[in-house]
Amino acid sequence: MAQHWRVADGIDLFEADYKRFTFPKHSHDYYAFGNIINGAERFMTRGKSYVASRGQLLMMNPMQVHDGGPASDEGYHYQIMFIAPEIFGDLIGEISPKNPGLPFFGTHVAHDPELHRQLQTIQQLFRPDFAATTSLLERDSRLLYGAARLALRHADAPPAIYHPGSEDKRIQTVIEYMQAHLDANISLDDLATLTGLSRFHLLRVFRNATGLPPHTYFNHMRLRRAKRMLFDGASIADAAAATGFADQSHLNRHFKAMWGVSPGAFIASLGQTRSKHPG
């Protein structure tokens with residue numbers, strides 16, 4: 001089971017139940033805040049292993065490489081709120097005008113029963129079957145308060161100044177080039193020439209900066225773009241063509257390995273949400 005809701009530009013909600021599926025190493029453009037409903041998830045990030053169990057929260061910074069999977073045969077059921085860095089930055093500006101930095105979460109698992117309940121309520125309020133009977137004022141208020149509580153209670157204090165794209169300028173040039181050529185079959189030579197680095201040096205510097213080798217990072221960028229296109233109503237064929245996959249089958253294989261569902265199942269999980277919240 002997996003369901004997706006687009007709450008607003010820059011804010012998505014996700015809920016899933018996994019028994020055996022394990023996420024490979026990956027990262028998100030957004031902050032990711034999860035609450036474990038049942039079971040437990042085990043994940044590794046920055047060389048350390050964590051377990052988030054029923055009733056606990058998990059928190060991940062933008063572009064932080066991590067994996068994830070069930071901590072036991074029971075599997076786990078969790079809900080995730082994704083918030084774009086610029087949206088979270090605006091929020092921090094409201095609650096702490098003198099702090100120019102984005103919050104950084106050095107602790108990735110927390111026990112906060114009150115916030116755990118609040119995040120569950122937010123997920124429920126934005127379900128299509130509840131949206132029609134819940135006021136915008138209540139939904140917006142609960143969403144804002146929940147996000148603010150995350151930052152105030154669980155971000156490092158003082159928060160580290162996080163700037164997306166603050167990596168080595170040569171690596172940022174590579175990332176920007178990848179983003180502009182998602183439909184191309186780019187080579188390591190292309191990227192090395194772009195930066196003036198040898199191929200081996202580029203591989204080492206890129207992995208040190210991002211936690212992933214260039215080919216994996218590029219593939220993840222393509223998959224995130226395909227996922228956004230499907231959410232916005234594109235066909236699987238169009239999404240595959242726009243992101244450099246050979247055909248629908250090629251996209252299907254990589255998409256399922258990354259998220260545990262096929263593109264078709266992902267579209268089905270959106271249901272009426274996509275038409276109600278086109279973003």
Side-chain angles (χ1 to χ4, degrees), residues 2-14 16 21 23-32 60-68 80-88 163-167 171-188 190-191 194 206-207 209-271 273-275 277-279:
Q3 294 177 293
H4 306 252
W5 295 269
R6 168 129 342 136
V7 175
D9 285 341
I11 304 177
D12 291 337
L13 302 178
F14 174 74
F21 178 72
F23 289 96
K25 287 184 177 180
H26 66 287
S27 61
H28 307 284
D29 296 340
Y30 292 6
Y31 285 95
M60 201 66 61
N61 301 292
M63 304 314 297
Q64 183 169 342
V65 176
H66 60 286
D67 58 13
I80 300 283
M81 178 167 63
F82 294 106
I83 305 180
E86 60 271 20
I87 301 298
F88 215 59
H163 296 294
S166 61
E167 304 88 354
I171 301 308
Q172 186 57 28
T173 297
V174 169
I175 292 172
E176 291 172 356
Y177 182 85
M178 289 176 170
Q179 187 65 52
H181 297 84
L182 292 178
D183 61 343
N185 188 17
I186 61 178
S187 70
L188 184 58
D190 294 333
L191 301 182
L194 188 67
F206 192 96
R207 186 159 195 158
T210 67
L212 295 170
H215 67 276
T216 302
Y217 193 99
F218 185 52
N219 198 47
H220 290 182
M221 292 175 76
R222 295 161 70 196
L223 286 167
R224 286 196 296 266
R225 172 59 179 156
K227 190 177 184 182
R228 287 193 292 269
M229 289 183 66
L230 295 176
F231 202 117
D232 291 336
S235 69
I236 299 174
D238 286 346
T243 52
F245 290 96
D247 50 32
Q248 294 185 52
S249 177
H250 189 206
L251 172 60
N252 182 84
R253 184 166 64 255
H254 285 272
F255 197 98
K256 191 168 185 177
M258 176 63 71
W259 287 297
V261 296
S262 67
F266 171 73
I267 292 172
S269 77
L270 302 176
T273 306
R274 183 168 57 192
S275 61
H277 301 284

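The shortest heavy-atom contact between Leu223 and Leu251 is CD2-CD1, 4.0 Å.
Listed by first then second residue, pairs satisfying salt bridge (charged side-chain N to carboxylate O under 4.0 Å, His left out) with a partner in residues 219-228 read Asp29-Arg224, Asp29-Arg228, not counting sequence neighbours.
With a 4.5 Å cut-off on side-chain heavy atoms, Tyr217 and Met63 count as touching. Between Val174 and Pro214, the closest side-chain pair of non-hydrogen atoms is not below 4.5 Å. The shortest distance between side-chain heavy atoms of Trp259 and Phe23 falls below 4.5 Å.
With sequence neighbours left out, the ring-ring contact (aromatic ring centres under 6.0 Å, His included) criterion links His220 to no other residue. Tyr30 is linked by a ring-ring contact (aromatic ring centres under 6.0 Å, His included) to nothing, counting only residues two or more places apart in sequence or in another chain. Qualifying side chain to side chain contact (heavy atoms under 4.5 Å, CB included) partners for Pro213, counting only residues two or more places apart in sequence or in other chains: Arg207, His215, Thr216. With sequence neighbours excluded, no residue satisfies ring-ring contact (aromatic ring centres under 6.0 Å, His included) with Phe218. In this structure Asn219 satisfies the side-chain hydrogen bond (donor to acceptor under 3.5 Å, both in side chains) test together with His254, sequence neighbours excluded. Taking Thr173 as the reference, Leu194 meet the side chain to side chain contact (heavy atoms under 4.5 Å, CB included) condition, with sequence neighbours excluded. Asp238 pairs by the side-chain hydrogen bond (donor to acceptor under 3.5 Å, both in side chains) definition with Ser235, not counting sequence neighbours. Taking Tyr177 as the reference, His181 meet the ring-ring contact (aromatic ring centres under 6.0 Å, His included) condition, with sequence neighbours excluded. In terms of the side chain to side chain contact (heavy atoms under 4.5 Å, CB included) criterion, residue partners of Gln179 (sequence neighbours excluded) are, by chain and number, Leu182, Met221. Scored by the side-chain hydrogen bond (donor to acceptor under 3.5 Å, both in side chains) test, Gln64 finds Thr45, Asn61, His108 as partners (sequence neighbours excluded).
The CG atom of Leu191 sits 5.0 Å away from atom CE of Met178, with the distance rounded to the nearest 0.5 Å. To the nearest 0.5 Å, the span separating CG on Asp12 from CD1 on Ile80 amounts to 12.0 Å. Here CZ of Phe82 is found 12.0 Å from CH2 of Trp5. Values are rounded to the nearest 0.5 Å.
Note: Phe14 and His4 have tilted aromatic rings, judged against thresholds of 30 and 60 degrees for the angle between ring planes.
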Validation: residues 239-247 side-chain donor-acceptor distances under 3.5 Å, sequence neighbours left out:
unit_1	atom_1	unit_2	atom_2	d
Thr243	OG1	Ala239	O	2.6
Asp247	OD1	Ser249	N	3.2
Asp247	OD1	His250	N	2.8

Trace of the side-chain contact (heavy atoms from CB on, under 4.5 Å) decision for Asn252 with Ile236
CA-CA 9 Å; Asn252 182 84; Ile236 299 174; over 6 Å; no

With side-chain contact (heavy atoms from CB on, under 4.5 Å) as the criterion, how do His26 and His66 come out once you've worked through the C-alpha distance, each side chain's angles and the decisive distance to 0.1 Å?
CA-CA 6 Å; His26 66 287; His66 60 286; 3.3 Å; yes

